[in-house]
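If you're wondering where the values come from, they're calculated on a predicted model, not measured in any experiment. Residue numbering restarts at 1 for every chain, and letters A, B, ... go by the order of the sequence lines.
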2 protein chains.
Amino acid sequence: MYPEVRRVYMSEKMSEKQEWQALLDQFISHAGEEGLFELETNIADDPVTYCRRELGHPIGELTELEKVFVSVDIPEFPLNVDSYARYLSEDILNHVVPVSSPAFVGHMTSALPKHLPALGKVLTALNQNLVKLETSHILTALERQVLGMMHKLVYHRDEDFYQQWLHNGEHALATFCSGGTLANLTAMWACRNQLMPADGDFAGLAREGLARGLLHYGYRGLAILVSEQGHYSLKKTVDVLGLGQDALVKVETDREGRICIDALLAQLQTLRQRNIKPMAIVGIAGSTETGAIDPLNRLADIAEQEQCYFHVDAAWGGASLMSERYRHLFAGIERADTVTIDAHKQMYVPMGSGMVLFRQPTLTNAIAQHANYIVRKGSKDLGRHTLEGSRSAMSLMLHSNFYLLGRRGLASLIEASIEKAQQFADLIHQQEDFELISEPQLCLLTYRYVPPTVLSALREGSASVRQQLHELLNALNQSIQTSQWTAGKSFVSRTHLKPVQWDRQPTTVLRVVLANPLTTLEILENMLEEQRQLARQSPFWQTLQDLVGD
Amino acid sequence: MYPEVRRVYMSEKMSEKQEWQALLDQFISHAGEEGLFELETNIADDPVTYCRRELGHPIGELTELEKVFVSVDIPEFPLNVDSYARYLSEDILNHVVPVSSPAFVGHMTSALPKHLPALGKVLTALNQNLVKLETSHILTALERQVLGMMHKLVYHRDEDFYQQWLHNGEHALATFCSGGTLANLTAMWACRNQLMPADGDFAGLAREGLARGLLHYGYRGLAILVSEQGHYSLKKTVDVLGLGQDALVKVETDREGRICIDALLAQLQTLRQRNIKPMAIVGIAGSTETGAIDPLNRLADIAEQEQCYFHVDAAWGGASLMSERYRHLFAGIERADTVTIDAHKQMYVPMGSGMVLFRQPTLTNAIAQHANYIVRKGSKDLGRHTLEGSRSAMSLMLHSNFYLLGRRGLASLIEASIEKAQQFADLIHQQEDFELISEPQLCLLTYRYVPPTVLSALREGSASVRQQLHELLNALNQSIQTSQWTAGKSFVSRTHLKPVQWDRQPTTVLRVVLANPLTTLEILENMLEEQRQLARQSPFWQTLQDLVGD
């Protein structure tokens with residue numbers, strides 16, 4: 001649907017020359033951009049208020065909103081900027097999710113520091129392409145520095161090491177990519193290729209492919225092992241890499257959501273019997289579902305024994321390495337061959353800043369590429385070691401946070417978040433109708449709503465009643481989460497866990513990530529109250545009450 | 001290196017509480033951001049002048065610039081915004097490559113319409129994550145519409161088709177990704193999986209992997225066929241997918257750089273004899289090196305006969321479909337199973353806007369994913385069909401170009417570019433010391449500098465002299481390109497071709513892409529004059545003259 005005022009600046013009545021002139025004017029001039037300037041200024045000033053300026057209005061039903069977006073014809077004649085800005089402002093951006101609201105605590109996107117929108121504008125205007133020097137030049141050097149800082153954060157190698165590798169174009173300490181999924185894929189791609197190098201008449205997996213590699217090295221298959229809390233990107237990874245989803249071996253977790261070492265050893269034993277080579281063990285350092293951190297040193301030992309790669313998925317948790325107070329939770333990460341960290345999670349930069357770090361920069365040889373017109377051999381083009389080709393200078397965003405928040409500032413944000421999660425856990429414990437399902441690990445926790453009478457019945461009722469209650473509770477919590485989202489004032493996410501304390505029954509839980517420094521305990525208290533109200537309005541409330549005889 | 005004025009806002013003397021307050025102030029307030037505002041405004045106003053405000057200064061040597069970026073320690077104490085803005089402005093951004101300069105015609109990044117930097121700011125501030133509805137909501141619907149417009153541009157299916165599929169969350173007409181590399185990878189991932197579906201006791205390639213799939217279906221291997229002008233991302237694709245780089249079969253091209261059909265048929269024959277299944281034939285619609293467009297209808301016929309997939313890489317060229325005048329060059333693209341188009345090339349949006357389109361939306365079943373806390377089954381989360389996970393709302397950039405330039409405006413830009421390339425080709429023909437190597441196809445052409453005496457000698461000299469001359473000319477043109485880049489006033493790229501007219505000898509050529517509407521013929525004339533001067537200053541100039549006896 002077009003904006004109501006269809007002000008076009010080009011029309012059928014114009015000659016071709018007039019049209020061209022009007023187009024060029026639009027292309028190069030700022031005329032008539034007052035509307036857009038107002039829009040960008042207002043949004044950057046206070047995105048939350050902007051998104052929710054019709055506060056109290058619930059989030060629009062998607063099926064309703066979709067009705068505005070049904071035309072598949074590119075508009076023939078263009079609008080002028082003011083009309084478009086009004087269209088954006090009145091019909092689209094006021095329905096956007098206020099992800100930076102301190103009451104939206106269900107996802108990993110927090111509020112961002114106020115200097116970043118301006119940098120977003122700068123990056124768009126400069127439109128550098130980091131794939132090669134010719135379109136990025138000095139920002140190539142800057143990106144290598146930022147990656148060096150990240151490498152040191154994880155591996156803290158000595159000065160000589162960084163002097164040798166930091167600006168060495170033949171290899172990479174780390175590479176940027178759009179996000180954790182590509183980071184995990186890149187890491188596993190490098191490990192897979194390196195696992196089956198050229199040997200005798202075999203030209204290597206990268207050249208001859210996986211099937212030939214398995215044949216040459218005498219394996220029936222490859223496997224990647226990770227706890228059942230492994231991110232779904234790993235399932236994509238084994239699929240894309242040609243190993244097949246069955247090659248992702250999921251290992252049971254303990255009460256805290258960490259990988260069970262005995263179960264891992266048993267799985268490795270089974271793989272050995274089936275002549276399947278464990279290609280990599282993946283440790284999770286801050287799981288998406290509960291924030292759990294695997295025992296990384298123990299995993300590193302096992303990977304060493306098995307002579308397989310050790311990858312750590314610290315996409316979300318890795319930022320916590322900046323805190324001297326909590327860094328010890330990650331002991332052993334420095335032994336990982338590859339590590340994934342997303343700066344757009346707890347490093348407070350916008351979407352699109354994934355990274356994979358390589359302990360040995362030479363591992364990137366396994367995935368190095370070149371082409372004549374681009375990423376030439378011997379050049380310092382960053383594109384030689386990235387999965388992606390053309391790519392923007394997101395590293396500048398991270399650079400700005402390093403310089404404007406500092407290691408100390410970032411650490412304070414992390415620490416405040418973790419402590420807030422502990423306080424929120426205490427608050428939940430104090431409620432008689434909420435149950436903490438997973439203790440806070442880093443700044444993430446899960447809980448659910450359980451009326452006290454139901455809780456007693458759950459513990460004491462017959463098996464069949466317990467089963468019914470369990471399912472109704474799942475439905476109730478799902479409905480709380482959905483109606484809270486629809487109401488539009490606050491947000492938690494939900495997932496299914498198999499908590500040890502509930503005999504590993506699939507349990508719907510509310511999930512909270514407290515990374516936003518502007519989230520206060522008061523906001524969280526109000527949210528619990530809101531959830532309590534929503535529970536009572538839920539269609540499952542009465543059914544539950546009837547069942548426990550209230 | 002730090003900016004000279006190290007103004008920090010946090011210090012060792014502060015208490016923890018004071019530090020926290022200072023940090024929060026920095027995080028949420030705009031205090032002291034005048035410097036940054038000046039920076040963003042100046043750059044967005046006129047990025048070219050900004051980047052080259054020390055005009056006349058050559059581009060800095062990278063090894064010199066790197067000396068500024070040697071510390072791998074994240075700064076402990078943070079700077080205030082003004083100091084950082086000054087640092088950026090004085091030490092970094094004035095060395096950035098002015099990719100939007102009308103004299104920088106060597107790459108595919110042109111000037112951008114003036115409204116985009118503001119949108120870059122808006123997108124950064126809103127920080128939506130398109131992986132799932134909960135963090136993108138209305139923009140999910142908007143993205144589907146934009147993808148629908150792209151789908152119709154390529155496949156022009158009827159109204160019923162789009163009514164059925166546009167907002168159908170179970171499938172996707174197309175998906176956004178960071179660029180052409182991921183688009184090609186996504187397309188080939190879907191085709192590979194779809195080629196070997198579940199069958200009897202075989203659970204399908206996606207589940208059981210490539211090696212098991214080959215065994216089950218009785219192939220020795222898979223292959224992807226493309227002309228020797230295929231983009232290097234296809235080599236990454238076959239590597240990542242586990243087929244191995246040898247599985248990318250490169251087919252000879254004709255004088256115009258288009259795939260030779262006879263050579264393709266011969267290659268298919270060879271594969272058949274080796275029991276290697278052709279998985280896909282890739283047609284190029286606008287090659288990166290010469291802009292060549294393969295005979296797509298012919299390729300579609302052959303793919304049909306071979307019962308293999310037909311993919312078209314139109315990353316750069318696809319935008320030309322918007323021109324009614326040149327659309328016919330792409331006849332047959334609507335028969336492709338999958339098509340890659342980058343909006344950040346000739347659709348004039350910033351880096352990070354790749355797309356893969358699917359003729360049959362159900363093809364995306366082959367790569368569909370889900371997870372409990374995200375991209376749930378039955379949801380309309382876009383992340384179910386994308387290779388990437390978290391992802392920004394780049395589709396809004398393309399939306400804005402569709403509405404602010406219109407189909408007609410975008411078509412005019414494309415047409416003006418193509419006609420400018422034809423005029424530049426004429427201009428080169430008129431010079432006695434330049435040689436057009438590949439005729440303009442779309443708005444891309446290649447040429448080289450050849451002094452007239454050398455040209456005669458090349459045609460008439462002895463074989464050994466010709467060989468020497470050929471090599472010296474390559475060196476000369478390489479040195480022209482490099483010194484032009486270093487001088488910093490204008491830019492062409494270079495590549496190696498094997499032109500039919502020069503017996504397919506590897507020939508270094510200068511490559512020009514004329515997508516910037518602000519590039520004039522006068523600028524191009526001046527550039528030829530500059531190249532002529534640089535040729536005379538080249539160390540290879542005299543050697544060449546000596547050899548031809550001038």
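For B:L166, the part sitting under 4.5 Å from any heavy atom of chain A is the side chain, from C-beta outward, and nothing else. Residue A:M108: no heavy atom, backbone or side chain, is found under 4.5 Å from chain B. If you measure heavy-atom distances from A:Y162 to chain B, the contacts under 4.5 Å come from the side chain alone. For chain A, no part of B:E159 is nearby; none of its heavy atoms comes within less than 4.5 Å. Within the 4.5 angstrom heavy-atom criterion, only side-chain atoms of A:N193, from C-beta onward, approach chain B. For chain B, the nearby parts of A:L116 are the backbone and the side chain; heavy atoms of each come within less than 4.5 Å. For A:Q163, no part lies under 4.5 angstrom from a heavy atom of chain B. Contacts of A:L130 with chain B are absent, with no heavy-atom separation under 4.5 Å from either backbone or side chain.
Chain B forms more heavy-atom pairs under 4.5 Å with one residue of A:L205, A:V72, A:L119 than with any other, namely A:V72. With chain B as the partner, the residue from A:V238, A:L387, A:T140 showing the most heavy-atom pairs under 4.5 Å is A:L387. Taking chain A as the reference chain and counting heavy-atom pairs below 4.5 Å, the highest number among B:L23, B:L210, B:L518 is found for B:L23. Top candidate by heavy-atom pairs under 4.5 Å with chain A, chosen from B:G180, B:G406, B:A247, B:S136, is B:G406. Counting heavy-atom pairs under 4.5 Å between each of B:I43, B:D246, B:L396, B:L185 and chain A puts B:D246 at the top. Ranking A:P117, A:G354, A:G209 against chain B, the residue ahead of the rest is A:P117, based on heavy-atom pairs under 4.5 Å. Between chain B and the options A:L112, A:D342, A:L410, A:L243, the largest number of non-hydrogen pairs under 4.5 Å is found for A:L112. No other option in A:R207, A:Q245, A:M150, A:H344 has as many heavy-atom pairs under 4.5 Å with chain B as A:R207. Taking chain A as the reference chain and counting heavy-atom pairs below 4.5 Å, the highest number among B:A85, B:G213, B:G204, B:G148 is found for B:G148. Your options are A:T109, A:L126, A:L24, and the one with the most heavy-atom pairs under 4.5 Å with chain B is A:L126. The candidate from B:S412, B:G120, B:A22, B:A206 with the greatest count of non-hydrogen atom pairs under 4.5 Å with chain A is B:A206. In terms of heavy-atom pairs under 4.5 angstrom with chain A, the leader among B:M397, B:M10, B:M351 is B:M351.
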### Task
Take B:L62 and A:K380 through the test side-chain contact (heavy atoms from CB on, under 4.5 Å) and record every step on the way to the result.
CA-CA 9 Å; B:L62 190 68; A:K380 290 193 167 187; 3.8 Å; yes
### Query
Can you check side-chain contact (heavy atoms from CB on, under 4.5 Å) on A:I92 and B:L139, steps first, answer last?
CA-CA 8 Å; A:I92 301 181; B:L139 294 184; 3.9 Å; yes
### Task
Would you please test A:F37 and B:K121 for side-chain contact (heavy atoms from CB on, under 4.5 Å) and show each step?
CA-CA 10 Å; A:F37 181 72; B:K121 188 170 184 177; over 6 Å; no
### Query
Given A:Y403 and B:I74, is the side-chain contact (heavy atoms from CB on, under 4.5 Å) satisfied, shown in steps?
CA-CA 8 Å; A:Y403 279 84; B:I74 300 169; over 6 Å; no
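Residues A:R391 and B:S178 are not in side-chain contact: their nearest non-hydrogen atoms beyond the backbone lie 4.5 Å or more apart. At least one side-chain heavy atom of A:F27 sits less than 4.5 Å from a side-chain heavy atom of B:L413. Between B:P78 and A:L404, every side-chain heavy-atom pair lies at or beyond the 4.5 Å cut-off. By the 4.5 Å heavy-atom criterion applied to side chains, A:V240 and B:I367 are not counted as neighbours. Residues A:L65 and B:L142 fail the side-chain proximity criterion, which asks for heavy atoms closer than 4.5 Å. Considering only heavy atoms from C-beta on, A:T135 stays 4.5 Å or farther from B:V97 through its side chain. Two residues are said to be in side-chain contact when any heavy atoms from C-beta on lie closer than 4.5 Å; A:E40 and B:H115 fail this criterion. Two residues are said to be in side-chain contact when any heavy atoms from C-beta on lie closer than 4.5 Å; A:S390 and B:H107 fail this criterion.
With rounding to the nearest 0.5 Å, the separation of NZ in A:K236 from CD in B:Q369 is 6.0 Å. The OG atom of A:S400 sits 12.0 Å away from atom OH of B:Y87, with the distance rounded to the nearest 0.5 Å. Taking CG of A:L182 as the reference point, atom CG of B:L182 lies at 5.5 Å (rounded to 0.5 Å). In this structure, CZ in B:R408 is found 4.0 Å from CD in A:E19, a value given to the nearest 0.5 Å. Between B:S493 atom OG and A:K132 atom NZ the span is 5.5 Å, to the nearest 0.5 Å. For the atom pair CD of A:Q128 and OG of B:S100, the computed distance is 8.5 Å after rounding to the nearest 0.5 Å.
Of the N and O atoms on the side chains of B:T181 and A:E388, not one donor lies less than 3.5 Å from an acceptor on the other residue.
A donor-acceptor distance shorter than 3.5 angstrom exists from the side chain of B:H167 to the backbone of A:F69, with no hydrogens or angles considered.
The shortest non-hydrogen separation linking A:A416 to B:W20 is CB-CH2, 3.4 Å. When every heavy atom of A:Q145 is checked against every heavy atom of B:V70, the shortest pair comes out as NE2-N, 4.1 Å.
The pair A:E66-B:R144 does not count as a salt bridge, with every side-chain nitrogen at least 4.0 angstrom from each carboxylate oxygen.
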